[in-house]
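Heads up, the thing below is written out as structure tokens.
Keep in mind the model is a prediction, meaning the values are calculated, not measured. Read the numbers this way: they start at 1 and go in the same order the structure lists the ligands and their atoms.
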Amino acid sequence: MVSRPKLSGHRVVARVTLDVAVRQEFDYLVPPELESSVHEGTRVKVPFGQRQVMGVVTKVLDESPHGNLREIIKTVGGQALVTPPILRLVRWIADYYCCAPEVAMKAVLPDAVRKEADGWRERLFVRALPVHGELPKLTKRQTDLWNIVDEWRELPLQELVRLAGTTSATIRKLEDKGLVSIAPQISERDPYGKEHILPTQPLELNADQTAALKSVVSAMEALAKPNGQETKFGGDSVFLLHGVTGSGKTEVYLQAIEHALERGRGAIVLVPEISLTPQTVERFKARFSHGPQQTLVAVLHSHLSTGERHDEWHKIRQGRARIVIGARSAVFAPVEPLGLVVVDEEHEHSYKQEEAPRYNARDLAVVRGQQEGAAVVLGSATPSMESYHNVQRKKYGLLSLPERVDNIRMPLVRVIDMRSEARREKGISIFSPQLREAILQRLEKNEQVMLFLNRRGWSSSLQCPECGYVAECPNCSVSLTYHRAAQQLKCHICGHVETAPTKCPEGGCGNATIRFAGLGTEKVEAALAKGFPTARVKRMDSDTLKRKEDYRRILGDFRTGKIDILVGTQMIAKGLHFPNVTLVGIIHADLSLHIPDFRAGERTFQLLTQVAGRAGRGDVEGEVYVQSFTPFHPSIQYARRHDYSGFYEQEIEFRRELRYPPVNRVALLTLRGRSEDRVKFFADHLRKEMDELARELGDTVVAGPAPAPLLRAESFYRYQVMIRTPNMAVLSRKLAAKREALQTPDDVRLVIDIDPMTMS
Ligand code: ADP
Ligand code: ZN
């Protein structure tokens, strides 16, 4: 580092974002002995009141507007942990998502890295030293031991103890004789260390893939040119890769990454947590485990141990892993310089963080790409309305892979009108005769079936037909779900559990017949066991997945043909590839249509398309049965025809009319508290403030306050004010400026959600 010019008596000042919720930054003096190690992004320990707290230096200054500054106590880590590009992103997050600097900062460093201790695992290693001349005299035991060390050259002490069946005292004897050294050394934890990965070569691309790759590569070339940072962004460097499931998107990502590496730049690949399977990771590791562009591939997701996460992160920070694959938070990986960011399944809601800072990793990927001169590829079979809108507005380039690799046909989708079924059957059956017949046929041919219902439990409500009693959660405004195996009523919002009654619990009623309404996966499973007694049926939802391995185990059993019918919630809808699945049934397609959210139609379309994509991924053509009570709903009909642009065209009209995203942006302000009156009172005040703000902004709509779709959750009442505006950046700034006026009393909390993904 260049040393700073020093004026005599002049002290360097560091501005620090603390790890405590104080909504502001503080200035500290840098002690002279730390001047060479304090930079922007350095993690430091500082005094704060009576305490000592950790923080991150965000600026190094020559002077401070404040007097009586205290001194930094120490720095943490050899390198600045937050790199300048990530610091810039932190500022962007705080501004745009309207949150405190320490909240934004919290997101970018994993806890495993934030700790004061450096977190590396040090182990004692035994190393063979060069022997000059004759070996010293050794006992038989010592000779055996020496032979092992001599062969391995270097190995952990514990390992050697185990291998040689000896004690560390014996090994110390070899050290005394000058044959080995024993010293602490860092040993890395590799979450995939035990897997043997066979290297792969790039595949020969088809015409569509070639065209897609070419666009991305020329964007990277343009960005890499001097002044590349100043060229116009957007349309030139952000791409929507719209490709049906199995169209070879991943192969395009892999080859684009290779080009980035050739230019000396790294890449980040974001995937939804649920599709971050060992197979996905392996595809990337296998491609880059060898050859001229060989590099480590770091993996970041929530199932890593703290130690593993620490080591993976530092592999990136040290530049040894130039490719990162991970879930949402991997968007903050300190890859430098960054050449490419891929966001797979970009429409996925899991990219949105549902706690502060409420960022969307897909959107941050685009921001990072623009800030750091990297190309960005957003991939999906069912792009979000937002991304496709950006294509229409020429902000993103469109790359299309309209066909499956090897031209495997899209599955035939049949929509079954359950209204006429219900009329004919006098009551609602779980399986229509068509679906039942189709299941039988597939089972006969030894093919596999997946059935999908987005609701777990046995039935979604318990009612007394006599007095009208409905079992409701004491904490939330929802009815309790009946789980038969457990004989319990459960709240799917707050987790409240109670024993299921056998007669109506309403005082004075006590009616012995209780009605269970609405259908869940547990009941489907039971109906399958009854209707198809010879089939091997397995259910997969968060009730049946008790341990971490369960997910992998059930899928493994399905893959190897130990299960005939897999029934489950959306968990089975995503990204899985089973060639022998030829039939997919959607039991109740309307469920997601009725959620009180302007994205209900979009979600349903995406879900149906994704689920349908599970069928017929092998040699046999697949078919899909969609059971619905609103069979002519556009979301269902366009999904049936695999017609994305048809869906988009009609949906965008609806959004335009109501001024919803992507035509406008939304800020959702939710107030919550235990007293409904207090919440309502403050909500009215909030509305007035927002009206004023909307007048200043112009072209902005304020709605509410209205009870949240889920009025009461976890015993808190919730009211919402929704703002729709074409210019969110300005709105965010004005909201931040209004912080004072929006100070809530202690018993009411205000949550600001910019670009919310759920309205509940
Ligand atoms: P997507 O990511 O769009 O679902 P994948 O990249 O996983 O698609 O491709 C689906 C399958 O097709 C994979 O097994 C992949 O190895 C194979 N594949 C992709 N591109 C090609 C190609 N150009 N030639 C042959 N096989 C390919
Ligand atoms: Zn509840």
Query raised in the report: Just by distance, with hydrogens left out, do Arg287 and Thr200 show a side-chain donor and acceptor under 3.5 Å apart?
Result: yes
Query raised in the report: With a cut-off of 2.8 Å, does His496 place any N/O/S atom under that distance from the Zn ion (ligand 2)?
Result: no
Query raised in the report: Which option, Arg283, Gln255, Arg404, Glu204, owns the non-hydrogen atom nearest atom 15 (C) of ligand 1?
Result: Arg283
Report task. Describe, in one word, how the ring planes of Tyr638 and Phe647 are oriented to each other, choosing from parallel (under 30°), tilted (30 to 60°) and perpendicular (over 60°). Result -> perpendicular
Query raised in the report: Under 4.0 Å from ligand 1, counting heavy atoms only, is it the side chain of Val405, its backbone, both or neither?
Result: side chain
Query raised in the report: Cut-off 3.5 Å, side chains only: do Arg674 and Ser715 have a donor facing an acceptor?
Result: yes
Query - ligand 1 to Leu203 polar contact by distance, N or O atoms, under 3.5 Å - result: no
Requested in this report: Keeping the roles fixed (side chain from Glu312, backbone from Val299), state whether a donor-acceptor pair exists under 3.5 Å.
Outcome: yes
Requested in this report: Kindly determine whether His492 and His483 satisfy ring-ring contact (aromatic ring centres under 6.0 Å, His included), including the steps that lead there.
Outcome: CA-CA 11 Å; His492 288 181; His483 290 251; 5.3 Å; yes
Report task. Determine whether any heavy atom of Ser247 lies closer than 4.0 Å to an atom of ligand 1. Result -> yes
Query raised in the report: Once rounded to 10 degrees, what value does the angle at the Zn ion (ligand 2) take between SG (Cys491) and SG (Cys494)?
Result: 110°
Query raised in the report: Is there a donor in the side chain of Gln606 and an acceptor in the side chain of His349, or the other way round, less than 3.5 Å apart?
Result: no
Report summary line: Ranking Gln279, Glu345, Lys249 by closest non-hydrogen atom to atom 1 (P) of ligand 1, top hit is Lys249
Query raised in the report: What atoms of ligand 1 come within less than 4.0 Å of a heavy atom belonging to Gly248?
Result: 1 (P), 3 (O), 5 (P), 6 (O), 8 (O), 9 (O), 19 (C)
Query - Tyr388 and Tyr644 aromatic ring geometry - parallel, tilted or perpendicular at 30°/60° bounds - result: perpendicular
Query raised in the report: With a cut-off of 2.8 Å, does His492 place any N/O/S atom under that distance from the Zn ion (ligand 2)?
Result: no
